[in-house]
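Dropping a structure here in structure tokens format, bear with me for questions.
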Amino acid sequence: MNQRTRNSGMVLGEVASSGLARGTAILCACANRITVARRVISPNEVEAEIVKLDAALAIVEDQLIDLQKKVQQSLGDQSAGIFEAHIALLRAPSLRKEIRAGCLDRHINVEAAVEESIEKLVSTFAQVEEPYLRERAADLEDLGRRLLDVLTRDQPSENPVFPQGSVLVTSELLPSVTARLDRETIRGVVVERGGQTAHATILARELGVPLLIRVPDAMKRIRTGDRLVVDGLAGRVFINPTAHILREYDRLESDLHAHRTALQTMVELPPVTSDGTRIRLSANIGKTADAPAAAAANADGIGLYRTEFVFLVQDHLPSEEEQYRIYRATAEYSKPRHVVIRLLDIGGDKPLHYFPLSAEANPSLGLRGTRLLLAHAEILRTQTRAILRLNATHPVSILLPMVGDVEDVRAVKTIIESVKAQLAAEHQTFDPRIPIGAMIETPSAAVMIGRLAREVDFLSIGTNDLVQYLLTTDRTSSTLAPYYEPVHPAVLHVLASLASTAGEKNKDISICGEMAGNPAYTRLLLGLGFRSLSVAPGELLEVKHTIRSTSMEEARALAERVLQCDTVEEIKSHLGLAHQRRA
Ligand code: PEP
Ligand code: MG
């Protein structure tokens, strides 16, 4: 694409957070640990970028030679040989040629050129049949990281600065980058990959700005500085749109504004069905900054406070005092309403860069959630100390993530009891009568719901994970998206049985996965027996509106019909939803 021609056109994607936005594109390769801003360079900048490249290649080569020597001394020749391969790859003319082409032909800055070239070469290697060559893909990724480390040394990593009115365009959202986005500056987000229930998507959704995911080639089609209209209703982005399109969007914006104003009338009204059943409608939040939005929408408290984001935006494990202050600030916004604080849930697609976990072939099936907390009890103890202290002044409860079975729950409860004893011995002020709940998001917990109900005070269903594990479909995968179906008959039968068993045991049960925030599913969830939903603050009023226009009789009849269905397609037709057939 000639950089002087005006870039224009339209790209399609999937709506992950609805709304309309206009703003200036800023491209950011946030998928890497190192955040690389991509920008178009002018012809007279090319030379300087190539000089930077050569310097970085030389520095990385020195680093590798140095490392090789050290490893040779400590571990011997065989281990040091690994670096031989890295050095050979680094010296290969093809790598330098590829990166140079990025600056010279595609007119992009050297950091973005490194990133693109490594990505391209990695995918070429990854497709080779010969195992030795295929494994070189990992070496290349490592080299890419080293090069970017050197090139971005003086730039604030993971903390990109976005000007006011930006639309962030990125290949993939990282939770740690998303956690730092600010709704005051970001108008919209456009992502090439991603999944509806990926953590970074959930966090971006909480920003309350239009968000499109699975927009193929967004990074190629859009350039930094392009004027964008993000249509988070129809799922499309207009690049430098014509006056005609802009006029069309003026009209749509005023319609949307009128709809939102009408929804505001819902704020003071209770979430009650048309035949009088009161539903508890609380909010999911990830940051203290989301709590005011939940309070403004008159949520019945916070049904899920994901604390991992408290950890993600730091560069160290937050101390007890730091956590206490952050949780207290959040609870203060919600007071006197209740806040369900979920214990740290890292692992899987929520890595913590300063707390590296050993590499696992299937991280989603690896050490995460409660298992991880039990393996690192110091994290569990520090966090529960902070929450128990807060419980002295604010109504909070503890929610255990990714519970596998009764043994997990008992082990955590034993640690919490010892934390209480320790706090008492220290004469700290705290309230020991804290409710403890379990997330139901693994098939094992779902099967054992009756027994788990005896161990805890309340239950909360995490459909985002439950769907991925029941349907063996990665929640972050773009390719498997047609298989990730919250209204799959298997999921709905499990949900129906969870609601019924919790009812028999007289145990509070709610749904806090993203499914609860989709108004298209509200009637069905009520019909399946749920009386408590927790949703993103931006979805509260739409869901409340649906609850208020539903009778329990209709909801039950719908659930009965749906539970007779064999396929997603049949179920969706009962819900009045379009179905995308699998390829
Ligand atoms: C879930 O899995 O549905 C859930 C609420 O937890 P998270 O999305 O944080 O994994
Ligand atoms: Mg989960």
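Whatever order the structure lists them in is the order used to number ligands and atoms, beginning at 1. All of these numbers come straight from a predicted model, not from anything done at the bench. Just so you know, these numbers use all the heavy atoms, side chains as well, and skip hydrogens, waters and symmetry mates.
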Verify the distance criterion only: is there a donor paired with an acceptor across the side chains of S364 and N362 at less than 3.5 Å?
no
Which atoms of ligand 1 are found less than 4.0 Å from any heavy atom of M439?
4 (C), 5 (C), 6 (O)
Near I202, which atoms of ligand 1 are under 4.0 Å from a heavy atom of that residue?
8 (O)
Please work out, at 4.0 Å between heavy atoms, whether the side chain, the backbone, both, or neither of Q468 comes within that distance of ligand 1.
neither
Heavy atoms of other groups near E407 CD, more than 12 under 6.0 Å
no
Would you say the Mg ion (ligand 2) has D465 as a near neighbour, meaning an N/O/S atom of that residue under 2.8 Å away?
yes
Tell me which protein heavy atom sits closest to atom 5 (C) of ligand 1, plus the residue, atom name and distance to 0.1 Å.
R306 NH2, 3.4 Å
Looking at R475, which atoms of ligand 1 are within less than 4.0 Å of one of its heavy atoms?
2 (O), 7 (P), 8 (O), 10 (O)
Restricting to N, O or S, what is the name of the atom of E441 that lies nearest the Mg ion (ligand 2)?
OE1
Please say whether more than 12 non-hydrogen atoms of neighbouring residues, nucleotides or ligands are located less than 6.0 Å from CZ in R548.
yes
Heavy-atom distances under 4.0 Å are what count here, so tell me which part of N284 touches ligand 1: side chain, backbone, both or neither.
neither
Select the closest option to atom 6 (O) of ligand 1 among R342, M515, M402, E308, judged by heavy-atom distance.
R342
Any N/O pair D465/ligand 1 closer than 3.5 Å
yes
Any idea which part of E514 is under 4.0 Å from ligand 1, heavy-atom wise: side chain, backbone, both or neither?
neither
Matching residue for R389 among H394, E321, Q323 - test: side-chain hydrogen bond (donor to acceptor under 3.5 Å, both in side chains)
E321
For L304, atoms of ligand 1 separated by under 4.0 Å from a heavy atom:
5 (C)
Could you check T476, L471, N464 and say which one makes a side-chain contact (heavy atoms from CB on, under 4.5 Å) with Y484?
N464
Would you mind running through ligand 1 and noting each atom that sits below 4.0 Å from a heavy atom of C512?
5 (C)
What part of I461, side chain, backbone, both or neither, has a heavy atom within less than 4.0 angstrom of ligand 1?
neither
Atom CZ of R451 with >12 non-hydrogen neighbours under 6.0 angstrom
no
Count the heavy atoms of every other residue, nucleotide or ligand shown that sit under 6.0 Å from CZ of R337, and state whether that count exceeds 12.
yes
Which ligand 1 atoms, with their elements, are less than 4.0 angstrom from a heavy-atom of E441?
1 (C), 2 (O), 4 (C), 6 (O)
Minimum-distance protein heavy atom relative to atom 10 (O) of ligand 1:
H199 NE2, 2.8 Å
Quick check: H376 with F355 (ring centres under 6.0 Å apart)?
yes
Near G513 (heavy-atom distance under 4.0 Å), the atoms of ligand 1 are 3 (O)
Please round to the nearest 0.5 Å and tell me the distance separating atom CG of L495 and atom CG of L466.
6.5 Å
Could you tell me which non-hydrogen atom of P537 sits nearest to which non-hydrogen atom of D290, and how far apart they are?
CG-O, 4.2 Å
In ligand 1, the atoms that come under 4.0 Å of a heavy atom of K350 are 9 (O), 10 (O)
Near Q580 CD, under 6.0 Å, is it more than 12 heavy atoms from other residues, nucleotides or ligands?
no
